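The structure appears right after this line, and notes come after that.
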Amino acid sequence: MGKTYERIDGRLRTFIEDQPVFFTATAPLSGDGTVNLSPKGLKGSFAVLDELTVAYLDFAGSNAETIAHLRENGRITLMWCAFQGPPNIVRVHGRGEPVFRDDPRFTDLLATHFPEIDPSPHGLRAIIVVHAELVRDTCGYAVPFMTYDEDRDLHAKRFAREDDASLSAYFAKKEHIATSMDGLPGLPLPLPPRPI
């Protein structure tokens, strides 16, 4: 049976911080719009900011659907599954926002909450901050056991060779970065300079 929590702390916080992968789901307001579901990983790129707020680093990729949906309506669900140990699924339903590089909060968020990761080789675009409105867990009995070996190094190898200008040029060539698949505003381009 599922359980609802008033805050992200204790055993629940430990569980989500220990998972090497989580998933994000967003959608536009339009009933015929595209629902987006994305896997997220890379050790050190997720943080619990307080008992009702979490954040993760949004790195370079082939689209910006999550950013577009958050800019339009803010709705987001994050999900973690136990692939090892006791079965468990945790979902955080809430409101999110992309904090872009030129936002005054960006540098402090990065330095304070993500000290274990060097974001520079990954083409960091934004920090996604999510304010929890509903926190629930469920059994996860049907989730298979899988082994985490290590993070892939391909993302860092690909985007480490980009500076701000070349990364902005890369994004400008991609069909669904500045504008989502449904025509919503996505990542603002050109990218502001990387914070020092």
Side-chain angles (χ1 to χ4, degrees), residues 21-42 44-47 49 53-79 92-114 117-133 151-196:
V21 64
F22 65 98
F23 302 87
T24 65
T26 59
L29 292 176
S30 171
D32 62 351
T34 305
V35 175
N36 187 64
L37 176 63
S38 297
K40 303 293 178 187
L42 294 180
S45 66
F46 172 82
L49 307 190
T53 313
V54 299
Y56 68 90
L57 303 181
D58 179 75
F59 296 121
S62 58
N63 65 43
E65 299 304 301
T66 300
I67 286 175
H69 297 159
L70 293 179
R71 291 181 70 190
E72 184 202 35
N73 61 64
R75 298 175 306 166
I76 187 168
T77 299
L78 285 71
M79 183 183 79
V92 171
H93 306 265
R95 297 281 170 179
E97 65 170 316
V99 176
F100 297 115
R101 294 174 175 196
D102 57 351
D103 187 301
R105 300 171 292 169
F106 186 93
T107 302
D108 184 57
L109 278 169
L110 189 60
T112 303
H113 298 287
F114 302 97
I117 189 167
D118 177 5
S120 57
H122 295 285
L124 181 60
R125 305 185 300 190
I127 300 171
I128 305 298
V129 177
V130 178
H131 303 282
E133 295 176 342
D151 286 343
R152 296 177 193 260
D153 62 358
L154 297 174
H155 194 273
K157 285 181 178 178
R158 164 59 187 92
F159 290 101
R161 60 183 184 243
E162 304 285 357
D163 60 17
D164 291 333
S166 65
L167 194 58
S168 286
Y170 168 81
F171 289 148
K173 289 188 277 186
K174 292 290 185 183
E175 187 176 5
H176 301 299
I177 297 286
T179 305
S180 76
M181 291 188 277
D182 299 312
L184 297 172
L187 184 68
L189 296 176
L191 286 176
R194 298 178 198 204
I196 298 172

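Since the model is a prediction, treat every value here as computed from it, not as a measurement.
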#### Entry: Nearest heavy atoms of I67 and A126, plus distance in Å
CD1-CB, 4.4 Å
#### Entry: Interatomic spacing from NE2 in H69 to CE in M181 - rounded to 0.5 Å
7.0 Å
### Task
Mark yes or no for whether S166, through its side chain, and E162, through its backbone, hold a donor-acceptor pair below 3.5 Å.
no
### Task
Of all the heavy-atom pairs spanning F171 and A60, show the shortest one and how long it is.
CZ-CB, 3.7 Å
### Message
Main chain of T26, side chain of N36: is a donor-acceptor contact present, judged purely on distance under 3.5 Å?
### Response
no
### Message
I'd like to know if the side chain of S168 reaches the main chain of A165, judged simply by a donor and an acceptor atom lying under 3.5 Å from each other, with no hydrogens or angles considered.
### Response
no
### Task
Would you sort out whether L110 and L57 count as a side chain to side chain contact (heavy atoms under 4.5 Å, CB included), showing the intermediate values?
CA-CA 9 Å; L110 189 60; L57 303 181; 3.9 Å; yes
### Student check: side-chain heavy atoms of F59 and S45 closer than 4.5 Å
yes
### Query
Say you draw a straight line from CG of L49 to NE2 of H113; how long is it, rounded to the nearest 0.5 Å?
4.5 Å
### Query
Checking side chain to side chain contact (heavy atoms under 4.5 Å, CB included) for the pair V130/I128: CA distance, chi angles, key distance, verdict?
CA-CA 7 Å; V130 178; I128 305 298; 4.1 Å; yes
### Query
Nearest heavy-atom pair of R152 and L42: which atoms, and what distance?
O-CD2, 4.2 Å
### Task
Evaluate the side-chain proximity of L70 to E97: yes if any heavy-atom separation is below 4.5 Å, no if none is.
no
### Task
Please round to the nearest 0.5 Å and tell me the distance separating atom CD1 of I177 and atom CG of L187.
6.5 Å
### Task
Measure across R75 and P28 and return the closest heavy-atom pair with its distance rounded to 0.1 Å.
NH2-O, 3.0 Å
### Summary
Rounded to the nearest 0.5 angstrom, the CZ-CG distance for F100 and L191 is 9.5 Å
### Message
Measuring from atom OG of S120 to atom CZ of F159, what distance do you get when rounded to the nearest 0.5 angstrom?
### Response
13.5 Å
#### Entry: Closest approach of H122 to A156 (non-hydrogen atoms, all atoms of both residues)
CE1-CB, 3.5 Å
### Query
Looking at OG1 of T66 and NZ of K40, how far apart are the two atoms once the value is rounded to the nearest 0.5 Å?
5.0 Å
### Query
Quick one: does R95's side chain have a donor or acceptor within less than 3.5 Å of a partner on G74's backbone?
no
### Message
Before you tell me yes or no, could you show the steps for T53 and H131 under side chain to side chain contact (heavy atoms under 4.5 Å, CB included), namely the whole-Å CA-CA distance, both residues' side-chain angles and the distance that decides it to 0.1 Å?
### Response
CA-CA 5 Å; T53 313; H131 303 282; 3.5 Å; yes
### Message
Tell me the closest heavy-atom pair linking F114 and G44, and the distance in Å.
### Response
CD2-O, 3.4 Å
### Query
Do N73 side-chain atoms and A27 backbone N/O form a donor-acceptor pair below 3.5 Å?
yes
### Task
Begin from the C-alpha positions of L184 and R71 and carry the test side chain to side chain contact (heavy atoms under 4.5 Å, CB included) through to its verdict.
CA-CA 9 Å; L184 297 172; R71 291 181 70 190; over 6 Å; no
### Query
What do you reckon, are the aromatic ring centroids of F46 and F22 less than 6.0 Å apart?
yes
